[in-house]
Amino acid sequence: MRTLRRFFKRLRSWARTQQDEDRLQAEIEEHLAMQTAENLRAGLSPTEARRQAMLKFGGVEAIKEEYRAQRGLPFLESLAQDTRQAFRRLRKAPAFTISTVLTLALGIGATTSIFTLVHAVLLKSLPVANPDELYRLGKESRCCYQGGYSQEKEFSLVSYDLYKYLRDNTKGFAELAAFPASEQLFGVRRSGSSQAAQSYPGEFVSGNYFNMFGIQAYTGRTLTAEDDQPGAPLVAVMSYRLWQQQYGLDPSVVGGVFNLNDKPFTVLGITPPGFFGDALRDTPPDFFLPLNAEPFVQVDADLNKYDTHWLDLIGRIRPGAKPASIEAEMRVELKQWLRSHWGEMSANDRAKFPNQTLYLNPGGAGISSMREQYEHWLQILMIVSGFALLIVCANVANLMLVRGMERRRQISVSMALGAPASRVMRQPFTESILLSLFGGAAGLVIAFAGTRLILHFAFPTFAGFAGVPISASPSMPVLLFAFVISLLTGVAFGIAPAWMATRVDPIEALRGASRSSDRTGSFPRKTLVVFQAALSLVLLSASGLLTVALHNLENQDFGFEQDHRIVAAVNPRLAGYRTDQLSLLYRRIHDSIASVPGVSSVALCLYSPLSGGGWGTGVFVDGQPPPGPADDYFAAWDRVTAGYFEVIGNPILRGRGISEQDTATSRNVAVINEAFSRKFFKNEDPIGKHFGREAGASRQFEVVGVAKDARYLPDNLDKPVGAFFFLPEAQAEYARRNQGALFFHDIVIFAQPGASLSAARLREAMASVDPNLPIISTRNLREQVAGQFNQQRLIARLTSFFGVLSLVLASIGLYGVTAYNAGLRVGEIGVRMALGADRGHIVTLVLRGALMLIVLGLIIGFPLTFAAGKFLGSQLYGMNPYNPVVTVAAVLALGLSAILASLIPAFRASLISPIDALRAE
Amino acid sequence: MNQIKEKRDVLQGTLALMVLKTLDVLGPLHGYAIARRIEQISGDLLSVNQGTLYPVLLKLEQEGSIAAEWGASENNRKARFYRLTRGGRKQLQAESRGWEQTVAIMGRFFVLKAEDLK
């Protein structure tokens with residue numbers, strides 16, 4: 001009780017410091033006066049009386065100090081004092097303060113940005129209820145269609161029929177939902193509005209989709225199983241993002257009718273904000289439609305095809321159910337379902353039947369091809385930024401050590417005067433904490449800016465940050481982590497020299513404060529510089545390798561011309577075109593655009609090169625035995641209008657390209673590429689030979705030409721181009737079950753050299769054909785191609801940035817150490833010069849010490865660079881990890897900057913006049 | 001000059017007790033007066049720097065055993081007077097009892113002779 005009362009009294013008197021000081025002073029004065037008076041009465045002289053009084057009182061200052069120790073909150077007060085003094089000291093050394101804060105900020109900021117991205121893309125769960133109860137079908141995500149009754153490695157996509165079978169028979173799932181693996185665009189127009197249709201992404205989902213995720217509608221209601229029945233009214237759910245951005249949260253949207261691909265749908269409700277569907281995508285869906293609405297909106301419906309597997313599955317397991325047993329159950333069901341379709345299976349499918357299996361994986365993070373696509377990059381980025389953080393910490397440590405050395409003398413004096421070691425060490429401690437706080441705050445700013453910058457460059461297709469499921473705000477845990485690391489480093493390296501100083505007998509320190517006793521103190525600094533040099537070498541080599549790989553990727557022979565080519569993207573599905581209307585539409589588009597001034601020629605195609613899409617099929621060559629289950633008989637293909645090869649600049653090496661002579665009534669032809677020819681026709685002349693896309697239809701197409709290998713698909717960019725063939729647009733196969741290949745995506749425009757084509761003119765030309773069919777985007781073919789390498793470019797740039805940064809930091813560190821050591825040796829240099837050494841000799845002397853450090857760093861860093869190259873080589877493609885040019889360049893860069901960094905102090909040392917040097921002793 | 005008497009150092013805790021007793025017996029005093037009285041009572045056997053009194057006074061004031069206020073001293077100068085509070089009186093009684101007990105116990109030990117323990 002008494003202690004508590006004391007504490008409160010102390011707290012109160014802490015607020016009244018000055019008054020109390022004055023009062024104490026007055027009281028002591030009084031006391032002394034009275035004692036003096038008494039001494040006077042006893043007969044002493046005035047001076048003697050006063051002196052005796054003071055002797056009897058005791059040391060006034062000592063008493064005052066003890067009084068103060070009782071009075072306020074001395075701990076807090078001295079802390080405040082230390083902080084004020086730390087501020088003053090930091091202000092007096094601006095170079096040190098700024099460089100430390102900047103270094104810390106860069107390290108903390110850069111690391112936080114990158115870890116934030118990693119967390120958001122790789123680690124975050126879907127914003128749904130209890131994501132750990134969710135399980136998905138498939139270990140890897142596949143896009144987007146699988147046909148037939150067998151799938152390589154695992155059954156990860158299912159048809160609607162198979163989904164229903166699994167849903168109805170698997171007891172372990174509380175709800176099992178299905179949704180397409182592909183991304184879908186819809187042409188949307190509000191019913192009654194006169195505006196042209198806009199295209200928005202959407203998704204067909206099973207009736208229990210929202211129930212399975214545990215998502216309630218923000219307003220209105222979501223889909224239920226009743227909505228997902230054949231013949232049910234056409235309904236849809238809209239995303240919050242679209243409702244807010246496009247319709248301004250207008251309540252009449254709920255219950256309103258919208259035309260999707262020209263079919264009327266009633267909007268039932270709005271999803272909650274932040275819900276972005278089942279996968280992390282560039283463009284999250286804005287509309288959710290029941291699966292059974294698919295045949296109404298898609299010309300070529302997949303719903304009722306037993307063997308078109310286009311759906312991904314995610315399910316919520318019942319409480320207490322074991323995923324392993326559910327997986328086993330589902331495998332049995334898969335086999336049962338396959339058996340029920342035995343009659344329709346091809347020979348190959350039947351042969352592969354025993355190997356058919358499936359896997360269940362945790363699905364809390366959703367189906368994410370984006371995640372898999374970017375995973376490797378982000379991992380590399382993480383490692384690179386980890387390196388950078390290490391280098392930053394080393395630099396901060398270096399700076400703090402220097403500061404510690406300067407403080408040695410002062411510490412010794414303080415200790416000689418009787419200060420306890422803890423009190424003495426509190427000052428560097430406070431300084432370090434202040435620096436870390438500032439560095440952390442600045443780092444926060446850099447982290448915010450950095451994350452946005454990286455997002456901007458890495459995901460340029462994002463329209464804005466509104467609906468983007470990746471938050472640009474740095475995650476707190478990561479920020480705290482980086483901050484704590486920097487704090488620890490700063491404190492450790494701030495305290496260490498101070499602590500060492502307190503152990504030294506003060507007289508020793510005072511006597512030899514600037515002499516050889518400090519030589520041992522520069523060992524940790526030297527180690528740090530060596531460490532920094534090694535790391536810099538690794539980073540520089542890595543960035544060199546990545547840059548070379550990028551250069552190779554971007555400058556490979558793509559097989560087509562990129563200059564003067566413009567690609568305009570369209571989607572006839574959005575305006576509700578039927579397949580039989582397409583041919584005429586394409587001709588009208590062709591003629592309209594060809595008439596725009598500046599256009600040299602036009603062609604349309606299903607997919608232009610490196611646009612991200614493509615079709616593939618199995619190939620059955622006439623006159624050859626059918627391929628077995630182990631053979632690779634895959635080829636990708638495209639559909640093009642007449643004159644395409646000239647427009648795209650893809651040379652025809654043999655025979656001819658697709659031309660006007662290929663009509664709906666002439667014989668069915670195909671143009672193949674060199675790779676196709678080598679793969680299926682070996683050394684024979686392919687012209688005139690036949691092949692087909694189905695077993696038993698091997699005379700479907702006649703080969704009329706061989707084109708140069710051109711890169712169409714964005715996969716396997718380091719491997720040679722795969723087998724590819726082209727079919728004429730005019731020879732459409734309406735009888736095919738999958739009509740998707742009739743809907744062309746791209747218009748390729750060959751502009752006259754020197755002509756400037758504006759997107760507005762092109763849109764006008766399109767509008768004159770059909771105002772309801774908009775151009776989705778226009779870009780140069782060069783931009784389109786370069787867009788495939790965005791991530792590689794980003795990685796190369798970031799690594800180079802970190803490489804240069806580490807080089808600069810290492811150089812600064814080296815400069816500091818060399819300058820310091822040269823300063824130590826001033827006396828020695830003076831003697832040498834007096835004995836006849838010339839300037840050059842001195843320079844070499846100082847340089848030698850510095851370069852020793854760098855060489856040591858290089859020796860340590862060398863094997864690390866090979867390890868790094870090997871690691872990168874296995875992650876990236878097309879890169880030779882043992883590139884001697886890059887390694888030599890990195891070594892040279894490091895060596896040159898090291899020489900530069902140490903040349904300055906060496907030069908300064910050589911300018912010392914011997915007299916001054918000797919005098920300074 | 002004064003006789004140099006033997007002086008002994010004193011613990012701060014006992015000093016506090018002396019202050020309390022002095023105030024109890026003599027009523028409110030200012031700092032200097034307390035110091036002089038303690039000197040007198042101890043018969044100059046204690047060697048105490050007068051200044052060390054002030055931290056003790058502060059501590060007692062913080063604990064609530066004494067209260068301080070400004071007043072006029074003998075020669076009409078402004079001085080700070082300290083007086084015992086009710087809590088201080090209670091503390092004094094409790095600690096006095098404690099001391100007496102200690103003295104009694106220790107006393108028995110000091111008169112012990114070897115025979116008493118056989």
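Note on naming: letters A, B, ... go to the chains in the order of the sequence lines (proteins, then strands), and numbering restarts at 1 for each one. For the numbers below, each heavy atom of this structure counts, side chains included, while hydrogens, waters and symmetry mates do not. Values in this document were obtained by computation on a predicted structure and should not be read as measured data.
Rounded to the nearest 0.5 angstrom, B:Thr52 OG1 and A:Phe57 CZ are separated by 8.5 Å.
Partners of B:Arg37 under the salt bridge (charged side-chain N to carboxylate O under 4.0 Å, His left out) rule, at least two apart in sequence or in another chain, do not exist in this structure. Under the salt bridge (charged side-chain N to carboxylate O under 4.0 Å, His left out) criterion, B:Arg83 pairs with no residue at all, not counting sequence neighbours. For A:Arg84, the salt bridge (charged side-chain N to carboxylate O under 4.0 Å, His left out) criterion is met by no residue, not counting sequence neighbours.
Heavy-atom pairs under 4.5 Å with chain A peak, among B:Tyr54, B:Tyr32, B:Trp70, at B:Tyr32.
Near-neighbour residues of residues 27-36 of chain A relative to chain B, defined by a heavy atom under 4.5 Å from a heavy atom of that chain, comprise A:Glu27, A:Glu30, A:His31, A:Ala33, A:Met34, A:Gln35.
Contacts between B:Ala35 and chain A at a heavy-atom distance below 4.5 Å involve the side chain alone, from C-beta outward.
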